[in-house]
Number of protein chains: 2
Amino acid sequence: MKLSRPYHHGNLRQALLDQAMIALRDGGIDELSLRELARAVGVSHAAPRRHFPDRQALLDALAIEGFARLGADMRDAVASGDREFEPTLQRCAHAYVTFATTDAALIEVMFAGKHTENVDEAAALSFAPILELILRGQAEHIFEDGDPERIGLMLLSVIHGIASLRSAGMIGPDQLEWLVDDAIVNFLRGTRAVATEGVDVA
Amino acid sequence: MKLSRPYHHGNLRQALLDQAMIALRDGGIDELSLRELARAVGVSHAAPRRHFPDRQALLDALAIEGFARLGADMRDAVASGDREFEPTLQRCAHAYVTFATTDAALIEVMFAGKHTENVDEAAALSFAPILELILRGQAEHIFEDGDPERIGLMLLSVIHGIASLRSAGMIGPDQLEWLVDDAIVNFLRGTRAVATEGVDVA
DNA sequence: ACCTGAACACCGTTCAAGT
DNA sequence: ACCTGAACACCGTTCAAGT
């Protein structure tokens with residue numbers, strides 16, 4: 001006769017990750033305990049060890065899943081809506097910030113630093129939509145020529161900075177929307193706010 | 001006869017904070033343990049409780065000290081060197097990023113979110129040099145008019161974003177210098193990189 | 001007022017042992 | 001191959017007790 005709880009038939013790893021995502025959402029990174037995860041999933045406290053050698057390995061796996069979702073969110077945002085450049089960039093930026101504020105604890109894990117190669121790979125991959133936008137912007141002569149990574153890094157800095165300040169509580173929920181809008185406009189045109197002359201792209 | 005270790009004659013609180021700063025530098029935020037701090041300072045593990053009700057109180061105090069130092073660093077950077085606007089802004093930004101990379105764990109504590117009112121006060125105070133620069137920039141017509149807080153928030157986002165990405169390891173140490181330079185230039189003039197016409201500021 | 005010592009509940013990690 | 005149970009060393013927090 002089979003057990004009513006049959007060893008999680010091999011998907012314990014994913015069950016732990018799913019439970020961890022839930023725990024992250026309503027507990028923060030410090031509340032995340034391997035033992036509690038094991039308990040919630042109905043397994044002994046030593047069982048996770050087969051799938052995650054230590055706590056950091058679990059966090060790395062979470063970060064990788066997070067970057068995959070972040071990249072997908074941005075890609076979707078770019079694809080949805082019209083093709084006009086500036087609104088597209090706006091949607092991409094908003095997708096990033098929305099992700100970061102919705103899953104604040106997760107993005108903390110993603111950018112925690114103590115990572116493996118695999119995490120860095122996932123991170124680089126997730127930023128592909130941004131890089132593609134830069135390339136397109138250069139083709140449309142919206143951006144200056146030169147290393148697209150350089151421009152991408154500057155763009156990422158603004159967006160991630162906003163997300164980070166929001167998580168820290170230094171930006172109110174109400175300020176978020178227009179701040180992203182303004183930051184993108186400012187990124188494109190600078191603080192001098194010259195009139196929108198010569199911005200008729202294609 | 002007096003004890004050779006006389007109860008830390010009332011400065012246990014500061015001794016703990018100093019030791020915590022050291023621990024933060026070579027251990028990160030997770031390595032920071034109240035018990036170890038007490039041990040390092042030569043006091044029982046329950047003694048810190050008189051000065052810090054719980055771990056978070058210690059972290060809050062660290063954050064407040066951190067913001068004070070960050071503000072001072074930026075103020076010094078602004079004061080040192082010539083008064084030309086753009087270089088002054090550059091020095092201020094570099095001071096921020098240097099602080100953030102030198103004391104990466106500390107700035108993590110400072111922006112961790114779970115703060116008290118007092119920490120928010122200290123944070124706002126530390127950003128005063130940035131706000132003053134914005135006001136000066138508006139007076140010199142380098143910035144558009146309107147809410148200086150709005151411009152300050154955008155500027156802070158870029159700078160903090162760079163610092164944050166650096167801590168996460170997504171920006172190499174070698175990329176840091178020119179990225180800050182470029183980000184400030186881009187903040188002022190935008191990505192289009194129009195020639196430097198009409199930028200002759202008084 | 002300030003600190004100690006023992007106690008409690010919780011961790012992450014390790015390892016022999018089970019099926 | 002995958003999981004269990006006991007064990008170890010470490011936490012933060014609490015509280016009666018010392019001086």
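Residue numbers start from 1 in every chain, and the chains themselves are labelled A, B, ... in the order their sequence lines are given, proteins ahead of strands.
At a non-hydrogen distance threshold of 4.0 Å, B:Arg50, B:His51 from residues 50-57 of chain B come into contact with DNA chain C.
Taking atom CG of residue B:Leu16 and atom C1' of nucleotide C:dC3, one finds them 12 Å apart after rounding to whole Å. When the P atom of D:dC11 is taken as reference, atom CG of A:Asp30 falls 16 Å away, rounded to whole Å. Atom-to-atom, CZ of A:Arg49 to C1' of C:dC11 comes out at 15 Å; the value is rounded to the nearest Å. Distance B:Glu31 CD to C:dC11 P: 19 Å, rounded to the nearest Å. Whole-Å rounding puts the B:Leu32 CG to D:dC11 P distance at 11 Å. Distance CG (A:Leu34) to C1' (D:dC3): 16 Å, rounded to an integer number of Å. Here D:dC3 presents its C1' atom at 14 Å from CG of A:Asn11, a figure rounded to the nearest Å.
Applying the salt bridge (Lys or Arg N to Asp or Glu O under 4.0 Å) rule to pairs touching residues 46-66 of chain A yields nothing, sequence neighbours excluded. The salt bridge (Lys or Arg N to Asp or Glu O under 4.0 Å) analysis of residues 117-133 of chain A, with sequence neighbours excluded, yields the pairs A:Arg75-A:Glu132. Every pair tested for side-chain hydrogen bond (donor to acceptor under 3.5 Å, both in side chains) that includes a residue from residues 35-44 of chain B fails, sequence neighbours excluded, so the list is empty.
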Under 3.5 Å between N/O atoms: give me all the protein pairs with nucleotides 5-10 of chain D, atom names plus distance.
from, atom 1, to, atom 2, distance (Å)
D:dA6, N6, A:His45, NE2, 2.9

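Take B:Ser164 and apply the side chain to side chain donor-acceptor pair (under 3.5 Å) test, not counting sequence neighbours, and it matches A:His160. Here B:Asp103 pairs with B:Arg25, B:Arg69 under the side chain to side chain donor-acceptor pair (under 3.5 Å) rule; sequence neighbours left out. Residues passing the salt bridge (Lys or Arg N to Asp or Glu O under 4.0 Å) test with A:Arg166, sequence neighbours excluded: none. Remark: A:Asp30 pairs with no residue by the side chain to side chain donor-acceptor pair (under 3.5 Å) rule, at least two apart or across chains. Partners of A:His45 according to the side chain to side chain donor-acceptor pair (under 3.5 Å) rule, which considers only residues two or more places apart in sequence or in another chain, do not exist here.
A salt bridge does not link B:Arg91 with B:Glu84: none of the charged nitrogens is closer than 4.0 Å to a carboxylate oxygen.
A:Ile107 has its side chain out of reach of A:Thr101: every pair of non-hydrogen atoms, C-beta onward, lies at least 4.5 Å apart.
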Checklist entry - Which string of ( ) [ ] | and . matches DNA chain D, if you list each base 5' to 3' and count Watson-Crick or G-U pairs only when both distances are under 3.5 Å? => result ||.|||||...|||||.||
Residues 147-159 of chain B, side-chain donor-acceptor partners within the protein, below 3.5 Å, at least two apart:
from, atom 1, to, atom 2, distance (Å)
B:Asp147, OD1, B:Glu149, N, 3.1
B:Arg150, NH1, A:Asp182, OD2, 2.3
B:Arg150, NH2, B:Glu144, OE1, 3.2
B:Ser157, OG, B:Leu153, O, 2.7

